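Presented below is the structure to which this report refers.
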Amino acid sequence: QVQLVESGGGLVQDGGSLRLSCAASGRTFSNHAMGWFRQVPGKEREFVASISVSGGNTAYADSVKGRFTISRDSKKNTVYLLLNSLKPEDTAVYYCAAAPRRMPVIYLSEYGYWGQGTQVTVSS
């Protein structure tokens with residue numbers, strides 16, 4: 001069992017930055033790829049970024065490539081998402097997730113564990 005708790009969301013102005021954190025419990029963090037997804041009301045949850053078990057491989061949605069950076073700290077059992085150059089269209093609830101894979105995973109269906117989400121709001 002993996003429990004995930006996100007933090008770091010908030011209100012930020014257009015062009016600003018935030019860093020989201022996701023603390024994972026359980027030893028399984030060390031053998032799960034981690035990912036971030038986001039969702040706005042009335043739309044499907046969409047892939048944002050993923051990182052491999054080793055941290056050496058990452059994947060990003062085209063819409064965030066070059067602006068967001070995913071990383072993980074195995075000693076702290078935590079995965080991060082640094083959000084730079086934020087835009088109003090980045091406003092969403094951001095979810096952390098864990099998948100029993102070694103490489104980055106972009107498909108929502110492969111993730112078995114989810115956090116409760118953290119709200120990110122970008123004002124124009």
Side-chain angles (χ1 to χ4, degrees):
Q1 188 79 8
V2 177
Q3 292 184 324
L4 305 173
V5 179
E6 301 100 332
S7 61
L11 174 64
V12 64
Q13 289 188 333
D14 190 353
S17 298
L18 282 174
R19 190 179 79 159
L20 307 183
S21 300
C22 173
S25 64
R27 292 174 291 177
T28 50
F29 178 79
S30 62
N31 56 25
H32 278 63
M34 301 297 294
W36 287 94
F37 289 73
R38 65 187 182 186
Q39 189 171 22
V40 298
K43 293 190 175 182
E44 293 185 351
R45 194 169 295 187
E46 66 172 6
F47 170 75
V48 174
S50 181
I51 189 166
S52 63
V53 168
S54 69
N57 298 91
T58 57
Y60 295 93
D62 288 344
S63 60
V64 307
K65 201 171 292 184
R67 299 189 298 123
F68 293 7
T69 302
I70 189 170
S71 61
R72 65 191 294 163
D73 186 333
S74 60
K75 293 182 179 179
K76 295 182 178 179
N77 277 9
T78 301
V79 62
Y80 304 97
L81 186 68
L82 178 62
L83 294 71
N84 288 326
S85 303
L86 281 162
K87 307 174 182 179
E89 52 263 43
D90 294 317
T91 295
V93 177
Y94 284 70
Y95 296 90
C96 172
R101 302 285 186 272
R102 299 199 65 81
M103 296 302 286
V105 180
I106 66 172
Y107 300 109
L108 183 149
S109 61
E110 295 198 36
Y111 286 85
Y113 302 101
W114 293 87
Q116 82 289 351
T118 185
Q119 176 71 47
V120 171
T121 303
V122 184
S123 62
S124 58

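Worth saying up front: this structure is predicted, and the values here are computed from it rather than measured.
- Scanning both residues, S17 and N84, for their nearest heavy atoms gives OG-OD1, 2.8 Å.
- Connection of Y80 to V64 is not established within any shared hydrophobic cluster, with ILVMFWY side chains joined at heavy-atom distances below 4.5 Å, either directly or through further cluster members.
- Cluster annotation: Y60 is connected to V48 through the hydrophobic network of ILVMFWY side chains, with a link wherever side-chain heavy atoms come within less than 4.5 Å.
- Nearest approach of Q39 to A92, heavy atoms of both residues: O-CB, 3.4 Å.
- Counting only heavy atoms from C-beta outward, the side chains of P88 and D14 approach each other to under 4.5 Å.
- Alongside L108, the hydrophobic cluster contains F37, F47, V93, Y95, V105, I106, Y107, Y111, W114 (criterion: ILVMFWY side chains under 4.5 Å).
- Using modelled atom types, one side-chain atom of S25 and one backbone atom of Q3 make a donor-acceptor pair closer than 3.5 Å.
- Hydrophobic clustering places L18 together with L81 (ILVMFWY residues linked when any side-chain heavy atoms are closer than 4.5 Å, directly or through intermediates).
- For the pair F29 and T78, the tightest heavy-atom approach, listed with the atom from each and the gap, is CZ-N, 3.6 Å.
- No donor-acceptor pair closer than 3.5 Å links the side chain of R101 to the backbone N or O of A33.
- Residues meeting the ring pair (Phe, Tyr, Trp, His ring centres under 6.0 Å) test with Y113, sequence neighbours left out: H32.
- For R19, there are no salt bridge (Lys or Arg N to Asp or Glu O under 4.0 Å) partners, not counting sequence neighbours.
- Side-chain atoms of Q116 never come within 3.5 Å of backbone atoms of V5 as a donor-acceptor pair (strictly under, hydrogens ignored).
- Once rounded to the nearest 0.5 Å, the distance linking CG of L82 with CG of L20 reads 9.0 Å.
- At least one donor-acceptor pair closer than 3.5 Å links the side chain of S50 to the backbone N or O of M34.
- With hydrogens and angles ignored, the 3.5 Å screen pairs a side-chain donor or acceptor of T91 with a backbone N or O of V122.
- Around CD of E89, the count of heavy atoms belonging to other residues, nucleotides or ligands within 6.0 Å exceeds 12.
- Listed here is the closest heavy atom pair of G56 and S52: N-OG, 3.4 Å.
- Atoms CZ and CG, from F68 and L83 in turn, are 4.0 Å apart once rounded to the nearest 0.5 Å.
- A salt bridge does not link D90 to K87: none of the charged nitrogens lies less than 4.0 Å from a carboxylate oxygen.
- Heavy-atom minimum distance, L4 versus C22: CB-SG, 3.9 Å.
- Listed here is the closest heavy atom pair of P100 and E110: CD-O, 3.6 Å.
- Taking NZ from K65 and OG1 from T58, the interatomic distance works out to 9.0 Å, rounded to the nearest 0.5 Å.
- With hydrogens and angles ignored, the 3.5 Å screen pairs no side-chain donor or acceptor of E46 with any backbone N or O of R38.
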